[in-house]
K.L.:
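Once you've had a glance at the structure underneath, I'll fire off some questions.
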Amino acid sequence: MSTSLAKDTSLDAGWEYALGDSPFDSNGEPVWTKKDSSAQWQQIDFPADPPAQSAFENVWFRITLPDVSLRDPVFFASSIDLLAEAYLDGERIYKHGQFNQDGSGKFAGWPWHMIILPEDFAGKTLYFRVFSDYHKIGFWGEVKLSERIDVLHQVVGESSQGIIVAGITLFIALMAAVFAIFKGQRRQFLSVCFFSLAAAGLVLGDIPVMKLVWDQPLLWNYVGAYAYFLLPIPMFMLLAEWLSKANLEVRHFEWLWKFHLGFLVVAGVGSLSGVVSISQLYPIFDGIFIVTLLLLVGFVSFVFNRVRFEQKILILAYFGFCAVMLLDMFVAHGWISWSSVPVSSGALLFSVAIVGLSFNHYLFTQRRLAKLNISLESEVNERTEQLTVMAEKEKLRSEGLLFQQQKLEIASDIVLALESCHTLEQGIDKVGNAVAELCQPFSGTFSIVNSDDWQDIQCWGRNIEMPTSGVTVIEHAIFDHEQGLFPFKIVNQQGLVRHVALLQVKVTEENSCYPVDQFMPLLERAVEKISITLANIALREELQRFSYEDVLTNLKNRRFFTEVLEYEIASSERNKEPLSLLICDIDHFKKFNDTYGHPAGDEALKTLAGLLSRFFRQADIVCRLGGEEFIVIMPRAKGGDCLQRAEQLTHAVENTKIEYEGELLDSLTISIGIASWPELSVDPKQLFQQADLALYKAKESGRNCIRMSKLN
């Protein structure tokens with residue numbers, strides 16, 4: 001029968017620990033994972049920093065997994081200090097880092113961990129082997145059982161703000177670099193560039209989703225660490241630059257940033273050469289940073305009232321970011337309880353300050369331009385004749401711009417109209433109906449792919465021959481001042497390009513006065529945007545199809561069954577037609593899996609799915625509910641017809657041979673429950689529950705039999 005899935009289950013209790021490292025038997029199995037081991041297990045509230053562990057660099061933790069219902073169960077932990085292995089039933093199912101023979105190893109990064117569990121994990125004991133020469137050992141942050149898809153959603157959700165902030169700060173770094181090259185104040189803009197790069201690197205190194213982009217946690221930790229060590233350098237350089245313009249003493253800032261630069265160089269050489277671990281550099285830097293930050297706060301507070309307003313804003317933004325860094329530092333060292341520190345928000349504060357001041361400079365420039373316009377009014381009379389000629393040219397340019405603007409609006413309307421399309425075919429039809437308005441007054445043809453050639457479905461303007469015969473693939477737009485070919489092509493997730501339509505435009509003598517040179521590139525960009533929208537429609541269509549199909553059996557899944565059943569119930573009630581449900585479940589399927597293995601069990605499921613697809617009527621709907629349970633919706637079928645078909649099905653299943661890797665496996669049997677409306681049920685909405693109950697009775701009756709629900 002159906003069961004409801006559990007929410008996330010926090011594992012904040014029930015832990016035990018044993019100090020030291022477990023010996024391994026001749027089979028490579030840890031002795032401490034066995035029931036009769038001599039390990040001294042002791043209770044602990046949370047698997048981190050157990051008492052008296054300062055003399056040990058190894059510790060084992062274990063927990064008995066609770067009985068919760070999860071379809072795709074995983075064990076999730078925010079972080080582990082530093083290396084870890086997970087064991088279940090004496091078998092290693094996960095490792096982070098590489099353990100040496102003595103139970104130690106090199107630092108491998110601080111990623112989040114997602115450990116895939118078997119479906120029968122409930123009641124089993126999960127063991128963790130942990131090594132750390134850091135000042136902390138064990139887990140920190142969140143520890144829970146969850147669905148794999150929920151963990152991935154959580155990781156992506158927690159990373160969204162960081163991705164946005166990293167993009168903003170990288171953009172600021174790029175703009176600052178451009179200004180440093182082409183504008184004045186090169187040192188100031190380079191300092192802004194380095195600070196933005198460091199802030200972006202710090203955020204990228206801390207974004208959980210980067211592990212999904214590239215599963216190299218140590219690399220991302222190096223990016224975050226070096227960015228973290230770099231931050232004070234441009235900070236002190238900027239303050240020295242600003243305060244020097246206010247005629248203030250800045251030599252203190254000079255040696256502060258040079259001192260941090262020396263630390264960055266030493267840390268980089270030492271960590272990359274293996275002399276020191278990157279994890280050991282954090283406490284050293286944190287101590288240095290706190291001392292230099294206190295010196296900075298003291299000096300800036302002394303001169304704060306003597307700097308300009310915009311400099312005060314930037315100083316406060318820096319201090320806000322430093323406060324977030326200190327909070328994150330306190331959490332990392334365990335000085336305060338764990339929580340998710342919004343480091344990206346601190347970087348965003350700096351970004352907003354930079355953008356705000358840039359906007360202020362823009363307004364200042366606009367005010368200066370306004371004053372300049374007033375001063376130029378005295379020269380208007382002297383340039384009247386020149387302006388008349390220029391006005392005529394501007395009129396022509398404005399007409400051209402208006403023409404382009406109108407076409408851009410039409411292209412935007414086409415893209416907007418495509419948002420309501422559910423299939424690629426609908427989208428192409430809408431493009432075909434609207435593309436003539438986009439291209440007029442030029443003549444043209446809109447064609448779609450038909451087998452190995454193009455089929456014209458829309459023509460307008462003068463009847464001009466277009467060079468499409470025998471051309472099935474056009475890699476990119478081809479145009480000049482007389483004609484153009486613009487392919488509509490979509491790219492799927494695998495990078496495969498598919499051509500779906502072709503637009504051909506021809507310029508005739510009647511419309512040669514229009515701005516052809518500007519229109520052809522505009523049309524190319526419009527076709528590219530429409531192609532991107534069509535690709536999104538195709539992707540949504542493909543994802544919609546996948547969301548209703550079971551990956552293993554290619555049958556419709558439970559979600560599809562739920563939606564279709566509601567429709568069939570409403571249709572049967574409206575038309576006064578019978579409706580039957582047939583639920584079947586493979587008997588002793590767990591024993592089958594245990595005997596032949598899960599791959600053979602999957603082959604059995606696919607074999608039964610294929611039999612069900614061929615066995616029932618075309619109007620019947622076969623779905624896989626989950627596991628070894630299948631259901632068939634039989635519109636306009638009475639209970640007797642359904643029973644007859646079920647009897648034939650049980651006989652067919654018994655006589656179906658299952659072959660896996662050249663070996664014939666034991667035949668399967670199934671138990672079936674049947675419910676039918678209106679002859680066996682008063683309420684059609686209760687059909688599923690009644691069929692499920694009938695299936696339960698069939699299993700109670702010894703399996704390999706059929707039971708029908710009774711009229712309630």
K.L.:
Counting only N and O atoms by type, is there a donor-acceptor contact under 3.5 Å from the side chain of H96 to the main-chain atoms of G109?
P.N.:
yes

K.L.:
For K606 and N554, what are the C-alpha separation, side-chain angles and deciding distance, and is it a side-chain contact (heavy atoms from CB on, under 4.5 Å)?
P.N.:
CA-CA 8 Å; K606 290 189 285 187; N554 293 327; over 6 Å; no

K.L.:
Please step through side-chain contact (heavy atoms from CB on, under 4.5 Å) for the pair F488 and L502, ending with a clear verdict.
P.N.:
CA-CA 6 Å; F488 291 81; L502 179 67; 5.9 Å; no

K.L.:
State the CG-SG distance between L612 and C623, to the nearest 0.5 angstrom.
P.N.:
10.5 Å

K.L.:
If every non-hydrogen atom of V682 is compared with every non-hydrogen atom of W677, which pair is closest and at what distance?
P.N.:
O-NE1, 3.3 Å

K.L.:
Distance-only, no hydrogens or angles: does the T533 side chain make a donor-acceptor pair with backbone N or O of K529 under 3.5 Å?
P.N.:
yes

K.L.:
Between D25 and K34 (salt bridge meaning N to carboxylate O under 4.0 Å), is one present in this structure?
P.N.:
yes

K.L.:
A side-chain contact here means heavy atoms from C-beta on lying under 4.5 Å apart; do M114 and L152 qualify?
P.N.:
yes

K.L.:
For F630 together with F561, are the ring centres under 6.0 Å from each other?
P.N.:
no

K.L.:
Do S671 and D585 pair up side chain to side chain, a donor and an acceptor below 3.5 Å, judged on atom types alone?
P.N.:
no

K.L.:
Without hydrogens or angle criteria, can the side chains of N704 and E654 be said to hold a donor-acceptor pair below 3.5 Å?
P.N.:
yes

K.L.:
Apply side-chain contact (heavy atoms from CB on, under 4.5 Å) to the pair I633 and V622, showing each step before the final yes or no.
P.N.:
CA-CA 7 Å; I633 304 174; V622 183; over 6 Å; no

K.L.:
Strictly distance-based, threshold 3.5 Å: is any side-chain N or O of N655 a donor or acceptor partner for the main-chain N or O of A652?
P.N.:
no

K.L.:
Go through I674 and M708 one step at a time and tell me if the side-chain contact (heavy atoms from CB on, under 4.5 Å) criterion holds.
P.N.:
CA-CA 5 Å; I674 296 174; M708 300 182 68; 4.1 Å; yes

K.L.:
If you compare all heavy atoms of N557 against all heavy atoms of E549, which two are closest, and at what distance to 0.1 Å?
P.N.:
ND2-N, 3.6 Å

K.L.:
Cation-pi check, R129 to F99: give yes when NZ or CZ is under 6.0 Å from the six-membered ring centre and within 45° of the ring axis, no otherwise.
P.N.:
yes

K.L.:
So, E679 side chain and G639 main chain: donor-acceptor pair closer than 3.5 Å or not?
P.N.:
yes

K.L.:
Aromatic rings F589 and F592: how do their planes relate, parallel, tilted or perpendicular, breaks at 30° and 60°?
P.N.:
parallel

K.L.:
Classify the angle between the aromatic ring planes of F61 and Y17 as parallel (below 30°), tilted (30 to 60°) or perpendicular (above 60°).
P.N.:
tilted

K.L.:
Tell me the closest heavy-atom pair linking P217 and A108, and the distance in Å.
P.N.:
CG-O, 3.7 Å

K.L.:
Are a donor atom and an acceptor atom from the side chains of S420 and K430 found within less than 3.5 Å of each other?
P.N.:
yes

K.L.:
Would you say the side chain of Y87 lies within less than 4.5 Å of the side chain of F128, judging by non-hydrogen atoms?
P.N.:
no

K.L.:
Checking side-chain contact (heavy atoms from CB on, under 4.5 Å) against V653, which of I672, L608, D587 comes through?
P.N.:
L608

K.L.:
Is the count of non-hydrogen atoms from other residues, nucleotides or ligands lying under 6.0 Å from E91 atom CD greater than 12?
P.N.:
no

K.L.:
Which residue, F76, W112, W15, forms the ring-ring contact (aromatic ring centres under 6.0 Å, His included) with F139?
P.N.:
W15

K.L.:
Parallel, tilted or perpendicular for W60 and W32, by the 30°/60° rule?
P.N.:
perpendicular

K.L.:
Backbone N or O of F688 within a donor-acceptor pair of the D692 side chain at under 3.5 Å?
P.N.:
no

K.L.:
Is it the case that the side chains of W140 and S79 hold a donor-acceptor pair, with the cut-off being a distance below 3.5 Å and no angle test?
P.N.:
yes

K.L.:
So, do T669 and T650 sit near enough that their side-chain heavy atoms are less than 4.5 Å apart?
P.N.:
no

K.L.:
Looking at P678, P578, S580, which hits side-chain contact (heavy atoms from CB on, under 4.5 Å) with K638?
P.N.:
P578

K.L.:
Over all heavy atoms of both residues, which pair between L204 and M210 is shortest? Give the atoms and the distance, please.
P.N.:
O-CG, 3.3 Å

K.L.:
Taking atom types as modelled, is there a side-chain donor on S681 or Q690 under 3.5 Å from an acceptor on the other?
P.N.:
yes

K.L.:
Would you say the side-chain atoms of E700 and Y696 include a donor-acceptor pair closer than 3.5 Å?
P.N.:
yes

K.L.:
Which heavy atom of E147 sits nearest a heavy atom of R71, and at what distance?
P.N.:
OE2-N, 2.7 Å

K.L.:
Would K591 and D594 pass as an ion pair if we require N to O under 4.0 Å?
P.N.:
no

K.L.:
Looking at V31, is its backbone amide N or carbonyl O close enough to the side chain of S22 to form a donor-acceptor pair, meaning the two atoms are under 3.5 Å apart?
P.N.:
yes

K.L.:
Hey, is CZ on F24 packed in by over 12 heavy atoms from elsewhere, all under 6.0 Å?
P.N.:
yes

K.L.:
Going by heavy atoms in the side chains, are P208 and V156 under 4.5 Å from each other?
P.N.:
no

K.L.:
Can you confirm whether L579 sits close enough to L687 that some side-chain heavy atom of one is under 4.5 Å from a side-chain heavy atom of the other?
P.N.:
yes

K.L.:
Is a salt bridge present between E85 and K95, judged by a nitrogen-to-oxygen distance below 4.0 Å?
P.N.:
no

K.L.:
Just verifying a value: how many Å separate Y567 OH and S572 OG, rounded to the nearest 0.5 Å?
P.N.:
9.5 Å

K.L.:
Give a yes or no on whether the backbone of F616 and the side-chain of D620 come within a donor-acceptor separation of less than 3.5 Å.
P.N.:
no

K.L.:
Between I569 and P684, what is the shortest heavy-atom contact and its length?
P.N.:
CD1-O, 3.5 Å

K.L.:
List the steps and the verdict of salt bridge (Lys or Arg N to Asp or Glu O under 4.0 Å) for K124 and D89.
P.N.:
CA-CA 8 Å; K124 294 185 177 181; D89 291 334; 2.9 Å; yes

K.L.:
Is the backbone of P111 close enough, under 3.5 Å, to the side chain of H113 for a donor and an acceptor to pair up by distance?
P.N.:
yes

K.L.:
Might you confirm whether atom CD of E573 has over 12 heavy atoms from other residues, nucleotides or ligands at distances under 6.0 Å?
P.N.:
yes

